[in-house]
Amino acid sequence: QYGMGLRDLLPTYFRNDEIDIEDVRRLPVVMERIESEKSIGLLFAMIDKYYPNDLETRIEALRSLNALQRDFSGLRIPPSLIYREIAREIKIYRLTLGSLNCQRQLTENCAGDLLEGRNGLISILKQRHHNNTDRLFRLLGMRYGATNIIPTFRGIQSKEHSHRVSALEFLDNLLDN
């Protein structure tokens, strides 16, 4: 229904900060229904240029990119855009994991309110780490195909140690090729 006009107007609205962030976060679902490489470009621009620090917009845009790839197999997502976002997510992953490990070590020597505060921070960092892993695997799915990545993601999340090891070995082999 909106098609070309919406895609052409949105960058101006984003640049001028004319759309409330809650509405921005709903736009990727609209964009995923428009079969066009411009939709892909705009979704990447939302997470890369216009709203790079809004993690909710980031995950919604990635979900919509996955949907575009699934629903419109003729659309091509440029590998360079995927690689750039994978590199960004890996950087976030490392920083979050480092912060999480640091906070865990610091809890060993604290008590009371300080311990409660650190535990709250650890909880937030764990959630951020989980969300980062989700975003990273969505990007990997765009690059290596959902049929390979979804089972690997589930294996890594498994409570079974052998499933996690197998999933990591598969991922290691996939990324080596």
Side-chain angles (χ1 to χ4, degrees), residues 1-100 124-154 156-157 167 170-171 174-177:
Q1 176 184 358
Y2 304 105
M4 307 283 194
L6 177 68
R7 270 197 336 260
D8 295 337
L9 291 173
L10 285 176
T12 303
Y13 291 152
F14 292 157
R15 273 192 301 277
N16 297 333
D17 202 25
E18 295 180 32
I19 304 174
D20 181 66
I21 192 65
E22 294 301 320
D23 293 329
V24 167
R25 292 172 179 159
R26 291 186 202 104
L27 284 172
V29 175
V30 174
M31 297 303 300
E32 75 185 45
R33 296 182 181 122
I34 303 171
E35 182 180 0
S36 168
E37 289 185 10
K38 284 188 177 183
S39 295
I40 291 169
L42 184 57
L43 287 165
F44 272 107
M46 287 177 74
I47 60 178
D48 201 34
K49 180 178 179 182
Y50 300 116
Y51 304 97
N53 298 318
D54 187 68
L55 297 177
E56 198 170 329
T57 298
R58 193 169 179 74
I59 191 63
E60 291 305 320
L62 290 174
R63 284 180 181 142
S64 292
L65 285 162
N66 288 137
L68 276 166
Q69 190 176 45
R70 178 194 67 225
D71 297 341
F72 305 110
S73 59
L75 284 179
R76 183 182 167 277
I77 298 178
S80 62
L81 295 177
I82 297 169
Y83 292 138
R84 185 176 60 220
E85 293 308 315
I86 287 173
R88 174 184 278 164
E89 288 299 333
I90 289 171
K91 182 179 178 182
I92 294 168
Y93 184 91
R94 288 180 177 157
L95 288 170
T96 304
L97 197 55
S99 297
L100 186 57
I124 291 168
L125 288 169
K126 282 181 181 178
Q127 183 62 43
R128 210 169 239 215
H129 182 260
H130 173 75
N131 292 341
N132 175 250
T133 303
D134 183 48
R135 291 189 307 269
L136 186 55
F137 272 83
R138 286 184 177 283
L139 287 160
L140 289 171
M142 282 183 239
R143 172 60 186 95
Y144 296 102
T147 55
N148 287 323
I149 295 301
I150 291 172
T152 307
F153 182 63
R154 289 183 181 141
I156 287 173
Q157 292 182 320
F170 177 79
L171 185 60
L174 185 68
L175 296 176
D176 278 345
N177 293 326

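Asn148 approaches Thr152 most closely through the heavy-atom pair O-OG1, 2.7 Å. Nearest heavy atoms, Ile59 versus Arg135: CD1-CG, 3.4 Å. The minimum heavy-atom distance between Lys38 and Asp8, with the atom names listed, is NZ-OD1, 4.3 Å. Shortest non-hydrogen contact noted between Pro28 and Ser64 is O-OG, 2.8 Å. Summarising the geometry of Leu171 relative to Ile156, their closest heavy-atom pair is CD2-CD1, 4.1 Å, with the distance given to 0.1 Å. Nearest heavy atom pair, residue Glu32 against residue Leu68, reads O-CD2, 3.4 Å.
Here Gln69 contributes atom CD and Arg143 contributes atom CZ; the two are 10.5 Å apart, rounded to the nearest 0.5 Å. Atoms CD1 and NE2, from Ile124 and His129 in turn, are 15.5 Å apart once rounded to the nearest 0.5 Å. If you take CG on Asn66 and CZ on Arg70, they are separated by 8.0 Å, rounding to the nearest 0.5 Å. Atom CG in Leu97 sits 8.5 Å away from atom OG1 in Thr133 (nearest 0.5 Å). Going from atom CE of Met142 over to atom CD1 of Ile40 covers 9.5 Å, rounded to the nearest 0.5 Å. Taking OG1 of Thr96 as the start and CG of Asn131 as the end, the distance is 10.0 Å to the nearest 0.5 Å.
Taking the ring pair (Phe, Tyr, Trp, His ring centres under 6.0 Å) definition, one finds that Phe153 meets it with Phe137, sequence neighbours left out.
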(message) Apply side-chain contact (heavy atoms from CB on, under 4.5 Å) to residues Leu65 and Leu62 and explain how you reach the verdict.
(response) CA-CA 5 Å; Leu65 285 162; Leu62 290 174; 4.2 Å; yes
(message) Before you tell me yes or no, could you show the steps for Asp48 and Arg88 under side-chain contact (heavy atoms from CB on, under 4.5 Å), namely the whole-Å CA-CA distance, both residues' side-chain angles and the distance that decides it to 0.1 Å?
(response) CA-CA 10 Å; Asp48 201 34; Arg88 174 184 278 164; 3.0 Å; yes
(message) Does Gln157 form a side-chain contact (heavy atoms from CB on, under 4.5 Å) with His130? I'd like the steps, not just the answer.
(response) CA-CA 10 Å; Gln157 292 182 320; His130 173 75; 3.5 Å; yes
(request) Would you sort out whether Asp54 and Arg58 count as a salt bridge (charged side-chain N to carboxylate O under 4.0 Å, His left out), showing the intermediate values? (result) CA-CA 6 Å; Asp54 187 68; Arg58 193 169 179 74; over 6 Å; no
(request) For Val30 and Arg26, run side-chain contact (heavy atoms from CB on, under 4.5 Å): C-alpha distance rounded to whole Å, both residues' side-chain angles, the deciding distance at 0.1 Å, then the answer. (result) CA-CA 7 Å; Val30 174; Arg26 291 186 202 104; over 6 Å; no
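No donor-acceptor pair closer than 3.5 Å links the side chain of Asp23 to the backbone N or O of Ile19. For Asn16 (side chain) and Glu18 (main-chain N/O), no donor-acceptor pair under 3.5 Å exists by modelled atom type. Put simply, the side chain of Asn132 never gets that close to the backbone of Arg128: no donor and acceptor are under 3.5 Å apart. Ser39 places no side-chain N or O within donor-acceptor distance of the main-chain N or O of Glu35, the cut-off being under 3.5 Å.
Pro11 is listed as a side-chain neighbour of Leu42, based on a closest heavy-atom distance under 4.5 Å. Contact check for Tyr83 versus Leu139: no side-chain heavy atoms found under the 4.5 Å cut-off. Between Leu174 and Leu140, every side-chain heavy-atom pair lies at or beyond the 4.5 Å cut-off.
Note on ring orientation: taking the six-membered ring where Trp is involved, the planes of Tyr50 and Phe14 are tilted (angle from 30° to 60°).
With respect to the salt-bridge test (charged N to carboxylate O, under 4.0 angstrom), the residues Glu56 and Arg25 qualify.
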Please tabulate, for the side chains in residues 71-82, all donor-acceptor contacts under 3.5 angstrom to protein atoms that are two or more places apart in sequence or on a different chain.
none

